[in-house]
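Since we're looking at a predicted model, the values are computed, not measured. One-based numbering along the sequence shown.
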Amino acid sequence: MDLTNLNNKDRKQRRRSSVDLSTMVYGKVPPQAKDLEEAVLGAIMLEKNAFDVAVEILKPECFYVDAHQRIYRAMQSLQQKSQPIDILTVVEELRSKTELEMVGGPYYVTRLTNAVVSSANIEAHSKIILQKFIQRELIRISGEIIGDAYEDSADVFDLLDEAEAKLFEITNNHMKKNYDSIDTVLVQTVQRIEDLRHKTEEISGVPSGFPSLDKVTYGWQGSDLIILAARPAVGKTAFALNLARNAALNSIRPTPVVFFSLEMSSPQLVTRILSAESEVWLEKISRGKMEDYEMKQLYAKGIQKLAQAPIFIDDTAALNVFELRAKCRRLKTKHNIGLIVIDYLQLMSGAGNGKNTNREQEISTISRNLKMLAKELHVPIIALSQLSRAVETRKDGNKMPQLSDLRESGAIEQDADMVMFIYRPEYYDITSNEMGESNKGETHVRIAKHRNGSLETIKLRAQLHIQKFVEFEGDDFSGLGMGGGGSWKPVPDNGGGGAASGGGDDGAKLYIQAGSKMNDMPYGEDDDAPF
């Protein structure tokens with residue numbers, strides 16, 4: 001038991017019970033609209049359908065007067081029991097709850113109907129009552145934050161998280177979007193269809209940089225939650241960094257990207273991006289063991305290009321959903337981010353209290369909040385996820401991941417608009433295909449769920465020594481007369497001229513035969529790396 005936290009909570013509770021700072025703002029009366037509260041309650045008892053309008057906007061706590069809260073709760077109770085709401089039924093409901101005298105008796109309930117003639121303006125009146133309630137809540141929360149901030153033992157980051165959570169609670173509970181009529185939505189939909197028809201490019205969302213993948217997804221679509229899952233060391237982070245880099249450096253539509261890394265530090269991520277962009281081996285960059293031509297290549301093809309890229313990296317450990325939401329909102333406002341990547345889902349925390357919730361419920365809350373955030377910002381979110389060990393223990397020998405392999409929660413697949421799995425045969429020591437050809441780097445990106453499209457398996461080739469994925473056809477080593485079932489391996493063009501650089505041709509590759517002394521050079525693939 002954490003005695004420090006308990007003592008802090010007790011101290012806060014004693015202070016709030018003894019001094020309510022929200023009532024001490026220069027002696028002012030809290031914002032209220034008693035006459036409108038009376039008008040709304042009276043209108044509900046006068047007309048049959050008035051309550052259906054008010055209940056979409058107001059909750060009992062929105063009323064300032066305690067008696068009005070009790071009367072409104074009685075109306076809610078009648079509606080749940082499918083009973084009519086009028087003066088007589090409300091009086092009887094209050095009497096059954098022994099609250100009739102607390103609200104002023106039958107006379108006060110009857111007097112409420114004298115304050116209004118009809119329910120014509122009940123929606124406008126209800127919105128004003130809601131506005132006054134939100135003002136009171138802001139005053140109350142501000143007072144609590146001020147009181148907590150004066151505590152010397154308070155952790156400032158806990159205060160920030162608590163403030164964000166309380167403000168979000170107001171927005172989430174009381175600022176809900178109203179419905180739209182189909183004619184309004186039709187106009188928007190037809191306009192979008194017309195825009196798509198006149199586009200010269202087929203991609204309507206954020207491009208992935210892989211034509212075979214974009215052909216299925218048409219780019220990452222706004223408001224979508226995309227889950228990218230794989231076993232450890234398969235290549236999740238490397239692939240996600242490729243997606244982020246391709247989106248930010250797209251020549252036609254550069255998209256600002258934010259990458260939240262809960263596992264790796266910012267320098268580690270940037271090192272991987274530099275390796276993929278410059279095609280200098282990751283191991284050489286990490287150790288600083290580069291030749292002069294490789295250093296020039298790193299500057300020319302990597303550093304200079306990435307310096308202007310709209311990529312934002314946040315390596316906050318143990319990030320929770322409230323912090324994530326606040327940061328994404330600020331980045332959307334300031335930099336208009338178009339893609340959010342989270343590495344990875346199981347390292348996130350929920351509301352931060354952990355009371356009476358297990359890990360599965362917490363993951364469910366996180367995935368639901370990520371979907372809500374994607375919809376709110378109209379930005380695609382790619383969240384990486386671990387897979388359970390069920391893949392390894394499968395007896396039929398098929399190691400291709402399935403939806404049921406998603407770790408810790410079935411809610412992930414329910415909330416996601418798309419679920420993709422990464423599978424590499426060589427991860428399971430499968431070194432050749434059915435034809436006996438080497439499948440070095442062969443990677444299957446399986447789309448197992450796709451709300452707005454087909455289910456496909458895309459084949460790419462992983463070059464993890466430079467943290468890069470390429471189209472499978474564009475880097476296929478079969479049919480080149482090398483044979484040997486994988487006895488040859490590619491060396492990336494290092495741009496240094498001579499034999500090692502392929503004559504300076506960016507597209508050139510040098511293939512080294514097994515047994516060559518050049519094979520003593522580190523290949524840069526670390527199976528224990530947290531890809």
Side-chain angles (χ1 to χ4, degrees), residues 177 180 185 188-189 191-193 195-196 199 201-230 236-237 239-248 250 253-260 310-312 321 324-325 327-329 331-332 335-346 348 363-385 401 403 406 409-422 445-458:
K177 183 179 179 292
D180 294 316
V185 182
Q188 299 171 353
T189 305
Q191 183 61 50
R192 182 173 179 273
I193 294 172
D195 292 341
L196 293 174
K199 273 190 175 181
E201 56 186 41
E202 293 186 359
I203 301 174
S204 58
V206 178
S208 70
F210 301 101
S212 56
L213 184 57
D214 287 334
K215 188 176 180 181
V216 180
T217 64
Y218 299 100
W220 312 121
Q221 304 298 317
S223 302
D224 277 4
L225 173 60
I226 302 109
I227 299 296
L228 177 63
K236 291 191 303 297
T237 301
F239 187 61
L241 285 172
N242 274 229
L243 297 177
R245 180 177 61 91
N246 293 342
N250 185 271
R253 191 189 308 165
T255 303
V257 179
V258 56
F259 197 105
F260 290 95
I311 301 176
F312 306 92
V321 289
L324 175 76
R325 184 168 29 244
K327 291 180 178 183
C328 288
R329 283 171 177 163
L331 284 164
K332 178 67 175 178
H335 300 287
N336 193 30
I337 55 169
L339 178 63
I340 300 169
V341 184
I342 302 168
D343 182 18
Y344 59 90
L345 188 65
Q346 280 79 13
M348 290 190 67
I363 291 294
S364 300
T365 302
I366 292 169
S367 66
R368 185 164 56 250
N369 276 276
L370 290 181
K371 175 57 185 175
M372 291 166 57
L373 180 62
K375 190 174 180 181
E376 176 190 338
L377 300 181
H378 196 68
V379 170
I381 295 179
I382 300 176
L384 279 59
S385 176
L403 288 173
L406 284 171
S409 179
I412 297 176
E413 61 182 277
Q414 297 173 14
D415 296 325
D417 298 279
M418 183 186 301
V419 178
M420 299 189 301
F421 295 114
I422 302 178
V445 179
R446 182 194 172 206
I447 302 176
K449 178 184 178 181
H450 193 188
R451 277 199 178 124
N452 303 310
S454 59
L455 306 180
E456 305 283 349
T457 299
I458 311 301

Checklist line | Close side-chain approach of C328 and L373, heavy atoms under 4.5 Å | finding: yes

Item checked: D415 CG to M372 CE distance, which is reported to the nearest 0.5 Å -> 10.5 Å

Check: Are N242 and F210 close enough, and set up right, to give a side chain to side chain contact (heavy atoms under 4.5 Å, CB included), and what steps lead you there?
Finding: CA-CA 10 Å; N242 274 229; F210 301 101; 4.2 Å; yes

Notebook entry, point to check: Is there a donor-acceptor pair under 3.5 Å between the side chain of K371 and the backbone N or O of S223?
Noted result: yes

Checklist line | Approximate separation, where rounding is to 0.5 Å, of K332 NZ and H378 NE2 | finding: 8.0 Å

Note to self: Checking L324 against M348 for the side chain to side chain contact (heavy atoms under 4.5 Å, CB included) test, could you report, in this order, the C-alpha distance in whole Å, the side-chain angles of both residues, the deciding distance, and whether it holds?
What the structure shows: CA-CA 10 Å; L324 175 76; M348 290 190 67; 3.8 Å; yes

Notebook entry, point to check: Do F239 and V445 have side chains that get closer than 4.5 Å, going by heavy atoms?
Noted result: yes

Checklist line | Side chain to side chain, S454 and V216, heavy atoms closer than 4.5 Å | finding: yes

Next item on the list: Using a 4.5 Å cut-off on heavy atoms from C-beta on, say whether the side chain of F421 contacts that of I227.
Entry: no

Margin query: Rounded at 0.5 Å granularity, tell me how far CG in L243 sits from CG in L339.
Written below: 7.5 Å

Next item on the list: Return the set of residues passing salt bridge (charged side-chain N to carboxylate O under 4.0 Å, His left out) with D214 (not counting sequence neighbours), or none when no residue passes.
Entry: none

Note to self: Tell me whether F312 at atom CZ has more than 12 heavy atoms from other residues, nucleotides or ligands lying less than 6.0 Å away.
What the structure shows: yes

Next item on the list: Could you tell me whether H335 atom NE2 has more than 12 heavy atoms of other residues or ligands within 6.0 Å of it?
Entry: yes

Margin query: Testing T457, I382, L228 one by one against M420 for a side chain to side chain contact (heavy atoms under 4.5 Å, CB included), which residue passes?
Written below: L228

Check: Would you call F260 and D343 a side-chain contact if the rule is heavy atoms closer than 4.5 Å?
Finding: no

Margin query: Contact between I340 and F259 at the side-chain level, heavy atoms closer than 4.5 Å - yes or no?
Written below: no

Next item on the list: Hey, could you give me the CG/NZ distance between L455 and K449, rounded to the nearest 0.5 Å?
Entry: 10.5 Å

Next item on the list: Begin with the C-alpha distance, continue with both residues' side-chain angles, and end with the deciding distance and a verdict on side chain to side chain contact (heavy atoms under 4.5 Å, CB included) for W220 and V379.
Entry: CA-CA 9 Å; W220 312 121; V379 170; over 6 Å; no

Note to self: Tell me which one of I447, D224, I226 satisfies side chain to side chain contact (heavy atoms under 4.5 Å, CB included) with T217.
What the structure shows: I447

Next item on the list: Of all the heavy-atom pairs spanning P310 and A248, show the shortest one and how long it is.
Entry: CD-O, 3.6 Å

Margin query: I need the minimum non-hydrogen distance between S208 and N246, along with the two atoms involved.
Written below: O-ND2, 3.0 Å

Checklist line | Nearest heavy atoms of P211 and G209, plus distance in Å | finding: CD-O, 3.6 Å

Notebook entry, point to check: Would the number of heavy atoms belonging to other residues, nucleotides or ligands and lying under 6.0 Å from NZ of K375 be above 12?
Noted result: no

Checklist line | Electrostatic pair K215-E456, nearest N-O below 4.0 angstrom | finding: no

Item checked: Shortest non-hydrogen contact from V257 toward V341 -> CG1-CG2, 4.3 Å

Margin query: Minimum heavy-atom separation for G338 and P380, please, with both atom names.
Written below: O-CD, 3.2 Å

Margin query: To the nearest 0.5 Å, what is the distance between CG on L370 and CD1 on I381?
Written below: 5.5 Å

Check: When rounded to the nearest 0.5 angstrom, what distance separates CG in N369 from CG in L225?
Finding: 11.0 Å

Check: Checking side chain to side chain contact (heavy atoms under 4.5 Å, CB included) for the pair I342/L384: CA distance, chi angles, key distance, verdict?
Finding: CA-CA 6 Å; I342 302 168; L384 279 59; over 6 Å; no

